[in-house]
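Report on the structure given below.
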Amino acid sequence: MRRFRIEPSAYAFLGTSVRRTLLLASMLSLLWILLPCAYLCIWAICGTAERDQLGVPSLTWFADLLSDQDWLWSFLVSISYALSCAAAACVLIALFAYSIHFASRWFEAASGASILLVILSPVVSLALSYKYFAGVCSIPAHWAYGVGNTLMLLPIAYAGFEAAQSHVARERLQAGVILGASHGSNFLYVFLPQAWRPLVSSYILCFLVSLDESVFSIMLLDTGRVPVTKRLWDLVGVDSTPRPAAAAIILALAVLLLWGLAAVGARVIRHSRRSSRRKHALL
Amino acid sequence: MKLVTTRHLFSLAVPLFLTAAYLAPLASWIHNFGSAVDSRLLMIAPKQLWTTIIYSSAATAIAVALGGALAIYHRFLVPDGRRWLSLLVCLSLFVGFIARNFAWLAILGFIEEGLSSVLGVRIYLAYSAFAVVLVMTSALVPLAFFVISNGLRPLRDEQLEAAQVMGVAPHQLFRAVIVPIALRSASLAFLLILAIASAYFVTPRILGGGKVDFIGTTAVWFLNHGDSTFANQLGLTLLVPGSLISASLALLVMRWRGRQLGF
């Protein structure tokens with residue numbers, strides 16, 4: 001609890017009554033958000049085949065899912081779609097974020113608003129239009145799902161980048177072009193090193209959102225190797241066992257594992273760069 | 001002279017993707033289903049549109065209020081606390097939305113049992129409008145938190161110190177300095193989340209028990225039962241209020257961006 005204390009200077013800014021009200025509302029919000037997560041953990045470990053009955057803790061439901069080929073494919077499909085769609089959305093937004101440094105202000109404002117329009121169009125309507133369009137143009141359902149997922153991630157990646165545009169110095173980009181660098185090399189060697197932090201945070205956010213995408217998967221994908229969200233939807237009203245909880249926990253653990261691996265990888269790269277720099281300095 | 005340079009390709013990447021992946025499917029869909037109107041649409045759509053707007057607005061308003069309070073509290077936490085709070089909020093996104101709906105169903109069942117054993121009267125919480133709003137709010141609070149936290153970035157300690165030096169009392173400082181800055185992003189969060197909430201169909205399907213049907217839920221029902229034409233027409237009905245919200249948000253963003261860019 002001591003971690004969640006307010007900065008000493010803020011005591012004077014907020015006053016006792018405002019501070020207490022904020023604390024109460026924040027605790028209520030956190031409880032509201034975290035209660036289902038806590039219950040999913042308990043349900044996955046202590047749940048029984050009987051509805052809402054808890055029993056002896058065991059890992060039976062995890063073993064049950066991990067021994068099922070279809071579920072294993074679903075985990076793999078969910079993670080690979082999330083990785084690739086988040087990457088596609090971030091690449092598109094990185095190209096856009098670079099180009100607006102050389103474009104007119106109207107182009108910047110209009111393009112930004114049009115990207116945000118996507119998230120505001122009801123996703124049910126968009127998914128229905130995709131289902132119709134994929135049928136008319138004979139586009140495979142999995143391709144349509146991938147494109148739709150990327151489309152929905154575009155505004156999220158944009159919001160992440162937009163908040164961090166101050167990381168990129170426009171003068172440096174323009175200096176690069178004036179000094180004769182092509183836009184391709186300027187993007188790779190001047191823009192990306194400055195923008196990698198917001199790019200990584202946008203990627204993480206997009207990955208998490210994509211992993212949870214359910215509307216397109218429910219409407220577009222029928223059979224075969226489907227993401228976890230579609231498989232969970234198919235269990236609604238059919239299965240009252242703790243399978244959904246176990247699936248959610250396995251997916252969350254897989255994401256945490258990937259996150260950990262990425263963090264270790266980033267640390268190794270940073271360490272090797274630092275040591276090679278030190279080596280060069282000694283030489 | 002080269003007509004299309006790398007820069008042009010870079011700037012055209014997103015507009016081309018939006019045209020191919022957003023405008024083309026939407027335009028062909030509207031063209032195909034927009035002209036004919038099914039007679040059932042007039043019976044079903046207005047009531048369900050009303051239900052969708054009312055319940056999603058209620059869930060959005062509560063989520064923005066709670067997310068806003070959480071974001072303001074987060075702004076004044078010590079740096080370590082800020083990191084932990086963000087992580088806790090993120091944690092809820094890890095386990096997936098559909099699974100959280102399943103969990104809420106069970107939690108509400110337990111609360112129902114607890115209340116009935118204490119009060120001696122059976123109170124139904126699951127499969128009701130209350131359950132739909134409660135669970136939608138729980139899913140929307142993290143979104144509101146992230147948007148409003150982002151909007152609170154311009155709030156600097158120097159501003160607050162200046163107001164304090166000028167003799168402003170803490171509750172006035174909260175009302176006159178913090179709330180106006182938070183309100184700007186809260187209004188953005190409200191429109192953004194309302195647009196997302198109005199398209200929810202998972203929660204009304206799992207927790208509504210057939211009593212609270214959003215347009216999305218009914219569209220999916222008709223789609224699953226082979227009447228895809230009517231499902232598409234229902235989806236089209238949802239696009240109209242959705243577009244109105246979109247247009248107002250786009251105007252808000254354009255105005256905000258315009259002010260930032262100095263138009």
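Model, not experiment: these values are computed from the prediction.
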**OP:** Heavy-atom distances under 4.5 Å only: say whether V215(A) touches chain B with side chain, backbone, both or neither.
**Re:** both

Subject >> Per-residue contact mode, L223(B) against chain A (heavy atom under 4.5 angstrom) >> reply: side chain

Original post:
Under a 4.5 Å heavy-atom cut-off, does chain B meet the side chain of V18(A), its backbone, both or neither?
Top reply: side chain

**OP:** I would like to know whether F201(B) and W233(A) meet ring-ring contact (aromatic ring centres under 6.0 Å, His included); could you show each step before the answer?
**Re:** CA-CA 11 Å; F201(B) 67 86; W233(A) 175 255; 5.4 Å; yes

**OP:** Measure up the Y200(B) and F97(B) rings against each other and bin them: parallel (under 30°), tilted (30 to 60°), perpendicular (over 60°).
**Re:** tilted

Original post:
Is chain B contacted by the side chain of L35(A), its backbone, both, or neither, given a heavy-atom distance below 4.5 Å?
Top reply: both

Subject >> Among S99(A), S29(A), S129(A), residue most engaged with chain B (heavy-atom pairs, under 4.5 Å) >> reply: S129(A)

Subject >> Portion of I178(B) that has a non-hydrogen atom of chain A nearer than 4.5 angstrom >> reply: side chain

Original post:
For chain B, which of A25(A), C37(A), A38(A) has the most heavy-atom pairs under 4.5 Å?
Top reply: C37(A)

**OP:** Heavy-atom pairs under 4.5 Å with chain B are the metric here; pick the option from L232(A), L151(A), L211(A), D222(A) that has the most.
**Re:** L151(A)

Subject >> Between L236(B), T237(B), N232(B), the one whose heavy-atom pairs under 4.5 Å with chain A are most numerous >> reply: N232(B)

Subject >> Per-residue contact mode, L28(A) against chain B (heavy atom under 4.5 angstrom) >> reply: side chain

Original post:
Where on F145(B) is there a heavy atom nearer than 4.5 Å to chain A: the side chain, the backbone, both, or neither?
Top reply: neither

Original post:
Y39(A) versus chain B, heavy atoms under 4.5 Å apart: side chain, backbone, both or neither?
Top reply: side chain

Subject >> Heavy-atom pairs under 4.5 Å with chain B, option from V136(A), V255(A), I218(A) with the top count >> reply: I218(A)

Original post:
If only atom types and distance count, is the side chain of S78(A) paired as donor or acceptor with the main-chain N or O of V228(A) below 3.5 Å?
Top reply: yes

**OP:** Using a strict 4.0 Å threshold on nitrogen-to-oxygen distance, state whether R231(A) and D234(A) make a salt bridge.
**Re:** no

Subject >> A245(A), part contacting chain B, at a heavy-atom distance under 4.5 Å >> reply: neither

Subject >> Sequence neighbours excluded, every pair satisfying side-chain hydrogen bond (donor to acceptor under 3.5 Å, both in side chains) that has a member inside residues 207-216 of chain A >> reply: N149(A)-S210(A)

Original post:
Considering only heavy atoms, which portion of W43(A) lies under 4.5 Å from any heavy atom of chain B: side chain, backbone, both, or neither?
Top reply: side chain

Original post:
Heavy-atom distance under 4.5 Å to chain A: side chain of R205(B), backbone, both or neither?
Top reply: side chain

Original post:
Using a distance-only test with no angle check, is there a side-chain donor-acceptor pair under 3.5 angstrom linking S217(A) and T229(A)?
Top reply: yes

Subject >> Contact origin within I115(A) toward chain B - heavy atom pairs under 4.5 Å >> reply: both

**OP:** Count the heavy-atom pairs under 4.5 Å between each of G235(B), A24(B), A103(B), P25(B) and chain A, then report the option with the highest count.
**Re:** P25(B)

Subject >> CG on L207(B) to CG on L134(B), rounded to 0.5 Å >> reply: 8.5 Å

Original post:
Does some side-chain heavy atom of L93(B) sit less than 4.5 Å from a side-chain heavy atom of V209(A)?
Top reply: no

Original post:
Where on L34(A) is there a heavy atom nearer than 4.5 Å to chain B: the side chain, the backbone, both, or neither?
Top reply: side chain

**OP:** Against chain B, work out which of P36(A), S17(A), A248(A), A144(A) has the most heavy-atom pairs shorter than 4.5 Å and name it.
**Re:** P36(A)

Original post:
If you measure only the distance, is there a donor-acceptor pair under 3.5 Å linking the side chains of S185(A) and S182(A)?
Top reply: yes

Original post:
Does the side chain of W32(A) pick up a donor-acceptor pair with the side chain of T137(B) at under 3.5 Å?
Top reply: no

**OP:** With the side chain counted from C-beta on, respond yes when R19(A) and T16(A) share a heavy-atom pair under 4.5 Å apart, and no when they do not.
**Re:** yes

Original post:
When you look at F214(B) and T203(B), which way does the side-chain contact (heavy atoms from CB on, under 4.5 Å) test go after all the steps?
Top reply: CA-CA 10 Å; F214(B) 281 24; T203(B) 308; over 6 Å; no

Subject >> Non-neighbouring partners of T241(A) that pass side chain to side chain contact (heavy atoms under 4.5 Å, CB included), sequence neighbours left out >> reply: A49(A), W61(A), D239(A), R243(A)

Original post:
Of the backbone (N, CA, C, O) and the side chain (C-beta and beyond), which part of I62(B) lies under 4.5 Å from a heavy atom of chain A, both, or neither?
Top reply: side chain

Subject >> Winner by heavy-atom pair count (cut-off under 4.5 Å) against chain B, out of V118(A), L251(A), V177(A), L235(A) >> reply: V118(A)

